[in-house]
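None of these values were measured; they are calculated from a predicted model. In the text below, chain A, chain B and the rest are named by the order of the sequence lines, each starting its count at 1.
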Amino acid sequence: MPQDDLRIGVFICECGTNIARSVDVDKLVEDAKKMGNVVYTAKNRYMCSEPGQAEIKKAIEEEKLNRVIVAACSPRMHEPTFRECVSSVGLNPYLVDMANIREQCSWVHMGDREAATRKAKDIMKAYIARARYLEAQDETEIQVTRATLVIGGGISGMQSALDLADAGYQVYLVEKEPALGGIMAQLAKTYPTMDCAI
Amino acid sequence: MMDVGRHPNINLMTYSQVESISGYVGNFHVKVQKKARYVNADECTACGDCAEVCPVIVPDEYQQGLSCRKAVYIPFPQAVPSASLIDMENCLGTNPIACGKCAEKCDKKCIDYDMKDEVIKFDVGTVIVATGMDVYNPTELDEYGYTKYENVITSMEYERLMSAGGPSDGHFIRPTDRKRPKTVGFIQCVGSRSEKCGNTYCSNICCMNTIKDTLLLKEHYPDIEAKVFYIDIRAFGKGFEDLFKRSKEAGVVYIRGIPGEIIEDPKTHNLNVMVEDTTANKIEEHEFDMMVLSVGVTPRFDMPEVQQLLTLSKTPDGFFMEAHPKLKPVDAPTTGVYFAGCAEAPKDIKDSVTQASAAAARAETLLSAGKVKLEAITSTLNQDLCRYCAMCSKVCPYNAFTVDPKNKTITYVEALCKGCGTCAAECRFGALSMKHFTDNQIIAQIDAHLAEDPQDKVIVFACNWCSYAGADTCGGARLQYPSNQRLIRTMCSGRVHEEFVLHAFRKGAPMVVVSGCHYVDCHYIDANRWTQKRVEKLWDKLEKWGIRPERLLLEWISAAEGQRFQKTMQDIEELRKQVTKEEIEYTIKVLTKEEEKKKQKLEKLKQKQ
């Protein structure tokens with residue numbers, strides 16, 4: 001169920017001109033202000049930069065934000081950045097969401113600023129709507145078995161295996177052929193050193 | 001190789017194959033099948049007496065088939081482990097009456113025809129995929145006569161002919177008359193950069209390999225004339241341009257143009273080519289004693305097996321896909337799995353070693369921390385709502401559920417869940433929900449997108465790994481498309497509940513798209529098969545209700561297919577324009593009525609149970 005005392009902060013990134021060139025960021029800020037439960041809005045040249053992140057942290061603390069929407073690039077790019085950013089000031093990392101207005105908006109509608117701005121507004125709005133249903137989550141921590149399987153005993157597999165084994169870890173190196181070496185073992189000489197491969 | 005063989009921390013299993021990998025990051029359970037060598041490798045001293053008496057002669061793979069080996073053999077002199085093995089397919093000796101010569105000869109009694117394959121099980125925290133590459137096989141190229149003319153060889157065969165340990169002891173001879181050739185031609189990009197045959201990509205290593213080959217040739221035999229036919233010479237690495245220069249200074253002639261065909265003179269077995277030299281702008285004829293096809297790199301033939309073991313993805317060129325092409329170039333999308341070498345893309349030795357060390361370092365990050373946090377996007381079970389229909393256990397790709405409908409019990413192991421959401425999409429009783437991709441969150445997104453001018457918008461459900469990533473790739477390449485699509489991200493297309501689609505239609509969406517990974521590329525083993533089934537069912541339902549099923553699309557778009565994403569979005573926009581206002585109004589009416597009916601039906605069903 002949505003929380004009653006929602007305090008959503010919306011942070012819109014210009015990404016230099018990557019977003020700002022195709023999307024009217026000032027208009028987005030104005031639009032965001034009118035959306036339900038949004039208590040704080042800001043824009044920044046680079047939201048992912050130190051000053052950008054500092055702005056988010058400051059707002060969380062001063063404005064008591066309990067949801068954060070960063071309208072910027074793809075979450076595949078910077079979701080970990082902003083999750084870390086908010087959790088450093090005590091907000092659960094699952095209460096921040098990224099509205100992708102770069103890869104899926106400003107970069108693909110470069111010739112039509114009005115349409116791109118309209119779409120960016122929708123994307124932002126959808127994430128603000130979603131924010132109402134975001135819940136804090138606890139991540140489970142699991143133990144890591146201190147051993148590695150390396151599949152393939154060519155030059156790459158051997159190098160990885162040796163590095164890890166030298167560092168003290170147990171390595172299982174599995175090679176399909178009867179001997180190590182892979183393709184490399186068949187080479188007469190190798191560039192750029194012009195010496196023998198084996 | 002020897003360092004690997006004797007390292008106390010490395011358990012080396014050659015002649016072995018990974019049979020299965022289960023579990024998850026930090027806790028992978030591995031099963032390896034170790035094939036029988038039929039020779040006790042610990043006792044064998046690699047004296048070679050067995051091979052001497054073996055009567056079976058077969059082509060030697062290590063020498064590219066240019067010489068022979070026996071059925072009992074050591075793969076090559078420096079082999080690690082340094083021990084013989086019997087190639088059982090060709091050995092006569094399973095029946096000692098038939099042969100058994102090697103067993104008789106071996107003083108140490110290492111030979112054991114009854115040796116069995118072994119299965120070895122162990123646990124690891126991380127996996128490095130270093131499965132390598134194959135070399136392009138030019139037999140399909142009739143124009144170069146590789147299968148017809150003995151004096152046409154591949155660059156791999158050239159390696160063996162130039163090697164001191166090769167079939168000719170390092171004497172460079174041509175196959176037809178065993179004489180040293182006077183003229184040698186090299187053809188670049190065989191099986192690479194071609195729309196017609198082989199692969200479209202550049203194989204990365206062949207230019208430098210040929211430059212190296214010509215230098216070796218000139219070093220050993222300054223009198224041999226060498227010519228290289230090329231499209232471009234790509235000598236981009238450190239020290240590479242110097243080698244290219246040296247090759248030219250040594251007298252190697254570089255001709256920009258690829259011969260269309262090789263024709264053999266049947267008497268001399270010399271090879272004639274015609275080529276357009278595009279720098280001189282003229283047609284030339286050349287005659288060679290021998291020609292080397294500089295063959296490209298291809299993904300390994302057995303990649304699909306490894307792909308399935310670890311639910312990996314491939315890029316359009318057929319190599320494994322990394323988690324991010326720039327920022328996570330050695331990580332696989334599956335956490336705890338890393339790539340080293342040509343499994344990820346064609347690489348030379350230096351790049352392979354670099355990536356291998358990077359992969360080791362990435363794996364070490366997890367190993368040295370000793371623990372890892374799992375993203376909280378798993379499924380949660382509300383046992384009160386469960387009616388023990390066992391649908392979840394049927395659809396879960398990881399067997400996280402065990403349901404006993406008779407005794408009305410359900411167990412759910414959250415650690416096995418990877419968060420695809422297929423169970424939540426299939427559960428009819430609302431007993432399963434997803435952390436962080438809840439029904440409410442997704443419905444709220446649909447509502448927000450369709451609150452204004454819904455008739456202009458297309459709702460696109462995109463899976464995180466492929467389609468959403470494909471949209472990002474499209475953006476990265478600045479490929480433009482109409483602005484009417486509204487993407488909603490889910491971890492897997494299997495998460496897209498029937499209700500999400502119907503809800504979007506009820507809210508006035510003219511078109512809805514469900515998109516995911518290509519059928520075999522699903523990041524949750526086979527969860528997207530349920531997507532397909534669900535969408536097919538929905539098409540039938542829509543048709544039954546008098547709604548055009550074409551308004552619901554199912555698209556498979558991979559992370560690499562930015563262009564395909566663009567084209568799909570352009571096509572969809574055309575389809576959207578064809579949807580009339582009346583159709584949308586009718587859809588809203590019908591689906592609202594159906595929703596009512598469904599609610600009543602569900603109530604009855606719940607009461608019954």
At a heavy-atom separation under 4.5 Å, does [X] approach chain B through its side chain, its backbone, both, or neither?
X	answer
A/Met110	both
A/Ala185	both
A/Met158	both
A/Asn92	neither

Output the residues of [range] for which the shortest heavy-atom distance to chain B is under 4.5 Å, in residue-number order; output 'none' if no such residue exists.
range	value
residues 40-62 of chain A	none
residues 164-174 of chain A	A/Leu164, A/Ala165, A/Asp166, A/Ala167, A/Gly168, A/Tyr169, A/Gln170, A/Val171, A/Tyr172, A/Leu173, A/Val174
residues 139-146 of chain A	A/Glu139, A/Thr140, A/Glu141, A/Ile142, A/Gln143, A/Val144, A/Thr145, A/Arg146

If you count heavy-atom pairs within less than 4.5 Å of chain A, which of [options] leads?
options	answer
B/Phe122, B/Phe76, B/Phe240	B/Phe122
B/Met162, B/Gln78, B/Glu414, B/Lys35	B/Gln78
B/Gly239, B/Cys474, B/Gly476, B/Ala469	B/Ala469
B/Val129, B/Asp351, B/Val353, B/Asp134	B/Val353
B/Ala79, B/Ala471, B/Ala83	B/Ala471
B/Arg37, B/Gln63, B/Glu219, B/Glu61	B/Arg37

Check: Does the distance from a Lys or Arg side-chain N to an Asp or Glu carboxylate O, for A/Asp122 and B/Lys457, drop under 4.0 Å?
Finding: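 Judged by the 4.0 Å cut-off on N to carboxylate O distance, A/Asp122 and B/Lys457 do form a salt bridge.
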Checklist line | Residues B/Glu452, A/Lys125: salt bridge by 4.0 Å N-O rule | finding: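 Answer for the salt bridge query: yes.
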Taking the side chain as every heavy atom from C-beta outward, state whether [X] and [Y] have any atom pair closer than 4.5 Å.
X	Y	answer
B/Asp472	A/Met77	no
B/Arg489	A/Asn100	no
A/Tyr191	B/Ile205	yes
A/Gln104	B/Tyr468	yes
B/Arg486	A/Lys119	yes
B/Asn464	A/Arg76	yes
A/Tyr127	B/Gln441	no
B/Tyr481	A/His109	yes

Note to self: Using the side-chain contact (heavy atoms from CB on, under 4.5 Å) criterion, which residues pair with B/Val80? Sequence neighbours excluded.
What the structure shows: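 Applying side-chain contact (heavy atoms from CB on, under 4.5 Å) to B/Val80 gives A/Leu180, B/Met1, B/Met2, B/Leu12.
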Rounded distance [0.5 Å steps], [atom1] in [X] versus [atom2] in [Y]:
X	Y	atom1	atom2	result
A/Tyr133	B/Asp439	OH	CG	11.5 Å
A/Leu95	B/His436	CG	NE2	8.5 Å
A/Leu134	B/Asn440	CG	CG	11.0 Å
A/Thr148	B/Leu367	OG1	CG	4.0 Å

[X] and [Y]: which non-hydrogen atoms are nearest, and at how many Å?
X	Y	value
A/Val108	B/Gly475	CG1-CA, 3.6 Å
A/Gln159	B/Ser357	NE2-OG, 3.5 Å
B/Glu159	A/Ala188	OE1-N, 2.7 Å

Top of [options] for chain B proximity - count of heavy-atom pairs under 4.5 angstrom:
options	result
A/Ala115, A/Ala129, A/Gly152, A/Ala126	A/Ala126
A/Cys196, A/Cys73, A/Ser74, A/Gly153	A/Ser74
A/Gly181, A/Gly157, A/Pro192	A/Pro192
A/Arg83, A/Lys121, A/Met184	A/Arg83
A/Arg102, A/Glu175, A/Glu103	A/Glu175

Margin query: A/Pro178 and side-chain contact (heavy atoms from CB on, under 4.5 Å): which single residue from B/Pro75, B/Ser84, B/Pro81 fits?
Written below: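 Testing A/Pro178 for a side-chain contact (heavy atoms from CB on, under 4.5 Å) against B/Pro75, B/Ser84, B/Pro81 leaves exactly one candidate, B/Pro75.
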Of the backbone (N, CA, C, O) and the side chain (C-beta and beyond), which part of [X] lies under 4.5 Å from a heavy atom of chain A, both, or neither?
X	value
B/Tyr62	both
B/Ser368	both
B/Val30	side chain

Check: What do the steps show when you test A/Lys189 against B/Leu215 for side-chain contact (heavy atoms from CB on, under 4.5 Å), and what is the final call?
Finding: CA-CA 11 Å; A/Lys189 293 269 166 33; B/Leu215 275 167; over 6 Å; no
Next item on the list: Show your working on side-chain contact (heavy atoms from CB on, under 4.5 Å) between B/Met156 and A/Ile183 and close with a plain yes or no.
Entry: CA-CA 9 Å; B/Met156 269 317 275; A/Ile183 298 228; 4.1 Å; yes
